[in-house]
Structure formats: C-alpha cells, structure tokens
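All ligand and atom numbering here is 1-based and tracks the order in the structure. For reference, positions follow the sequence shown, starting with 1.
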Amino acid sequence: MVFAATQNTGAGNGASPHRHPPRHPQELRAGIERLRRERNAVILAHYYQDDAIQDIADFIGDSLELARKAAATDADVIVFCGVHFMAETAKILNPSKTVLLPDLAAGCSLADACPADAFAAFRAEHPEHITVSYINCSAAVKAQSDLICTSSNAVDLVRQLPDDRPILFGPDENLGRWVQAQSGRPLTLWPGSCQVHVAFSEQALLQLQLEHPDAEVLAHPECQQHLLELADFIGSTSKLLHRAEESDADSFIVLTEPGILHQMRLKVPHKRFFDVPGADGCSCNACPYMRLNTLEKLWQCLERMEPAIEMDEELRVRALAPIQRMLEMSR
Ligand code: 13P
Ligand code: SF4
C-alpha cells in the first residue's frame with residue numbers, strides 16, 4: 001500500500017530539507033531532543049519499535065493507550081513511531097495537529113488484507129450486522145465501521161453490544177476467533193491475518209517449553225488458535241508486559257513481536273524472556289513495517305516536518321465516529 005503525505009519544500013515553515021542526520025549516535029539523540037523542543041512535538045512509540053526509538057519516546061504503549069495519548073496531547077506535532085494506521089488514527093483524532101510518520105512505507109499486512117471496496121461488499125452481504133473493526137485497518141475501513149476496537153478492549157466492547165444483533169468482525173480472523181470464544185458472541189469474520197503473528201513456529205515453541213519447563217507462555221491474540229491453545233496468558237502488548245511484571249514466574253516465552261522484550265527486560269531485569277522464531281528459524285517474527293522507522297528517520301521527519309499524514313475531511317469525520325465510540329465505551 002502506498003500512502004499519500006505532504007511534501008515540504010522547507011520554504012517558510014522552518015524546515016530545512018537539505019540537512020542530514022548527525023552520524024554520531026549521541027549527537028543524533030541530542031538533535032532529536034532539540035528538534036522535539038523546537039517543534040513542541042510529542043514522540044509516541046509502539047512496543048514493536050527498535051529499542052533506541054523506545055528509549056527516546058515520550059510515551060510507549062499498546063494501540064489503545066497510544067490512541068488515548070494522541071487524543072489527549074497538547075503538543076503541536078505528534079511523531080508516531082509505529083505504522084501508518086496508528087499515525088492515521090492520531091490524525092483523525094487531531095485534524096489541526098501535524099502528525100508525522102518517520103517512514104511513510106510503514107504499513108501493516110492486516111490493513112492491506114482488507115481493501116475498503118471489498119469490505120464494503122462484505123458488509124452489503126450482511127446488512128443486519130453491527131460492524132466491529134480492529135484498529136489495524138485503513139481510515140476507509142474505519143469509516144464503514146460502527147465500532148473500532150483494539151486487542152486490549154475487543155472482548156469487553158463486543159460483550160457490550162446488543163444481544164439481538166449479529167456482528168461482523170474484521171480484519172483479523174485470529175483475534176476475531178479469540179474474541180468470539182472469550183465473549184461467547186458468534187462473529188462473522190473477515191479472513192485477514194498479521195504476517196508476523198502467523199509466522200511463529202509451533203515446533204520452536206514446543207522446544208523452548210522443553211528447555212524451560214517453568215516458563216510462562218505469553219501470547220498476543222493475533223496468533224493462530226493452535227498456538228493460543230499453548231499459551232498461559234493472552235493479551236495486548238501492554239497486558240503481556242504487565243503480566244510479566246506481576247506473575248510469579250521467573251521466565252517467559254513470548255509469542256508476539258520481539259520489540260516488547262525490551263520493555264519487559266527493563267521492567268523486570270531479574271526475569272528471563274525468550275522470543276519465538278518463525279518457521280525455519282527465520283527472524284520474520286520482527287514486523288518489517290514497524291522496523292522501517294529508525295532514529296535517523298525520526299530526526300529527519302522532525303527536521304523536515306514530513307512525511308505528514310493528510311486526509312480528506314469528509315473521510316476523517318466518518319472514521320472518527322467509531323473511534324470516539326470505542327474511547328467512550330472503553331473508559
Ligand atoms: P497492541 O499493541 O494493541 O496489542 O497491537 C499489536 C499490533 O499488532 C500493533 O500492530
Ligand atoms: Fe501489522 Fe502485524 Fe506489523 Fe502489527 S505486527 S503492524 S498487525 S503486520
């Protein structure tokens with residue numbers, strides 16, 4: 001998916017497109033600090049970002065927490081170190097603010113798996129249904145939805161929906177299946193998935209369990225059902241982090257993107273954490289979209305004030321309603 005954004009010439013807005021990020025890591029970090037102050041910017045980062053980005057961010061969180069932060073900030077500029085749908089959600093909530101995404105190519109396989117026109121046709125086949133969409137989707141899909149959810153609040157929100165209405169759930173069928181089991185509400189599922197969470201090797205997980213029999217298995221609900229069945233605890237990234245802090249276990253096998261291990265190790269340094277490789281031992285458990293953002297690109301977007309998320313106002317207003325409903329229902 002190719003995303004539109006504004007391109008700055010640098011003329012008249014304080015941006016200088018011709019300067020390049022400092023090479024020395026210390027100078028690079030100092031440069032980001034300076035630009036953050038000058039621009040009155042807030043840096044929001046998802047747990048799947050590189051450690052260096054997590055370390056410099058003002059706030060790190062799961063999708064719901066980041067959306068809440070974006071809604072509440074009084075900064076003039078939001079730098080979203082995450083993927084496009086997250087930055088787009090921040091823009092939907094803050095039309096007057098500049099929302100920057102360090103690398104505009106940071107998309108999401110789930111969002112890509114749900115084109116707006118195909119989703120509209122799917123909805124048309126189910127006119128009686130309430131449409132609940134996972135936040136990992138485009139603004140054009142959000143605009144067709146009655147309610148947005150995240151992995152952190154999906155079960156709770158679905159339980160609140162009227163019993164006499166059937167429910168469509170998209171675009172993650174694995175999350176949808178888990179929400180269905182937890183809420184007891186049958187869901188008609190859109191057939192999408194996250195390329196990272198379907199890549200984990202069951203064999204590697206079983207081997208890790210053999211090597212570390214006392215380790216607790218923590219899993220994100222985007223994982224496939226056969227892996228969720230092997231998990232001791234399932235939740236959003238923030239919930240997995242809190243579980244690692246609160247559990248009596250000393251070691252954990254973590255079935256989600258390994259960026260979260262950085263915060264786990266910082267919060268409970270005496271505990272041990274193991275990530276699970278993909279099939280054939282590949283490192284495809286790292287999200288290739290999230291990992292496009294780097295400190296250099298963070299510096300550059302603050303310096304140049306681009307790429308900035310732009311969107312059609314009529315679409316923004318339609319996409320805002322189900323996000324606001326989510327924020328109200330998950331208070
Ligand atoms: P959460 O951080 O909300 O659990 O989302 C995980 C994810 O896949 C984000 O892209
Ligand atoms: Fe999308 Fe999966 Fe990457 Fe999250 S981890 S941004 S759902 S591809």
Side-chain angles (χ1 to χ4, degrees), residues 1 3 44-50 53-54 57 59-70 80-90 101-114 133-138 141-142 148-157 170-176 178-179 182 190-200 218-224 227-228 231 233-244 254-264 275-276 278 282-293 323 326-327 330:
M1 174 76 74
F3 300 109
L44 305 181
H46 189 264
Y47 293 116
Y48 297 165
Q49 293 293 285
D50 283 348
I53 292 183
Q54 294 190 35
F59 183 79
I60 317 166
D62 68 9
S63 306
L64 179 62
E65 292 165 336
L66 291 170
R68 282 191 174 131
K69 276 281 168 195
F80 217 116
C81 295
V83 290
H84 189 272
F85 76 79
M86 295 178 168
E88 195 173 55
T89 302
L101 179 63
D103 191 321
L104 200 59
C108 168
S109 67
L110 256 176
D112 286 351
C114 192
S133 294
Y134 189 29
I135 198 164
N136 299 34
C137 65
S138 66
V141 168
K142 288 185 175 80
I148 299 302
C149 69
T150 73
S151 57
S152 150
N153 60 18
V155 174
D156 179 42
L157 296 191
D172 189 342
E173 61 182 342
N174 293 307
L175 174 67
W178 178 72
V179 171
Q182 296 297 304
W190 174 267
S193 61
C194 159
Q195 70 181 65
V196 174
H197 287 85
V198 298
F200 297 116
L218 308 180
H220 194 278
E222 287 176 19
C223 292
Q224 290 171 292
L227 293 183
L228 293 181
F233 183 87
I234 300 168
S236 75
T237 49
S238 281
K239 288 186 178 173
L240 299 184
L241 178 59
H242 296 146
R243 177 68 192 178
V254 184
L255 279 163
T256 194
E257 215 275 5
I260 186 77
L261 268 60
H262 182 52
Q263 291 306 315
M264 289 175 169
D275 67 323
V276 182
C282 70
S283 59
C284 39
N285 59 0
C287 175
Y289 308 103
M290 288 276 184
R291 302 304 179 123
L292 285 174
N293 297 322
I323 298 173
M326 168 185 82
L327 293 173
S330 54

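- Within 4.0 Å of ligand 1, counting heavy atoms only, the contacting residues are H46, Y48, D62, S63, F85, M86, Y134, N136, S151, H220, E222, S236, T237, M290.
- Every side-chain hydrogen bond (donor to acceptor under 3.5 Å, both in side chains) that S236 has, sequence neighbours left out, goes to D62.
- For the side chain to side chain contact (heavy atoms under 4.5 Å, CB included) with H220, the qualifying choice from L255, T256, I260 is T256, the only one to do so.
- Remark: C223 SG to L218 CG distance equals 10.5 Å, nearest 0.5 Å.
- If you look at atom 2 (Fe) of ligand 2, the protein N, O or S atoms less than 2.8 Å from it are C194 SG.
- Of all heavy-atom pairs between A219 and L240, the closest is O-CD2, 3.5 Å.
- Shortest non-hydrogen contact noted between S193 and V198 is CB-CG1, 3.8 Å.
- When all heavy atoms are compared, the tightest approach of Q49 to M290 is NE2-O, 3.0 Å.
- When all heavy atoms of G82 and A106 are compared, the pair lying nearest together is O-CB, 3.8 Å.
- The side-chain hydrogen bond (donor to acceptor under 3.5 Å, both in side chains) check on E222 picks up Y134, H197, with sequence neighbours excluded.
- Shown here for L64 and S152, the closest heavy-atom pair between the two residues is CD2-OG, 3.7 Å.
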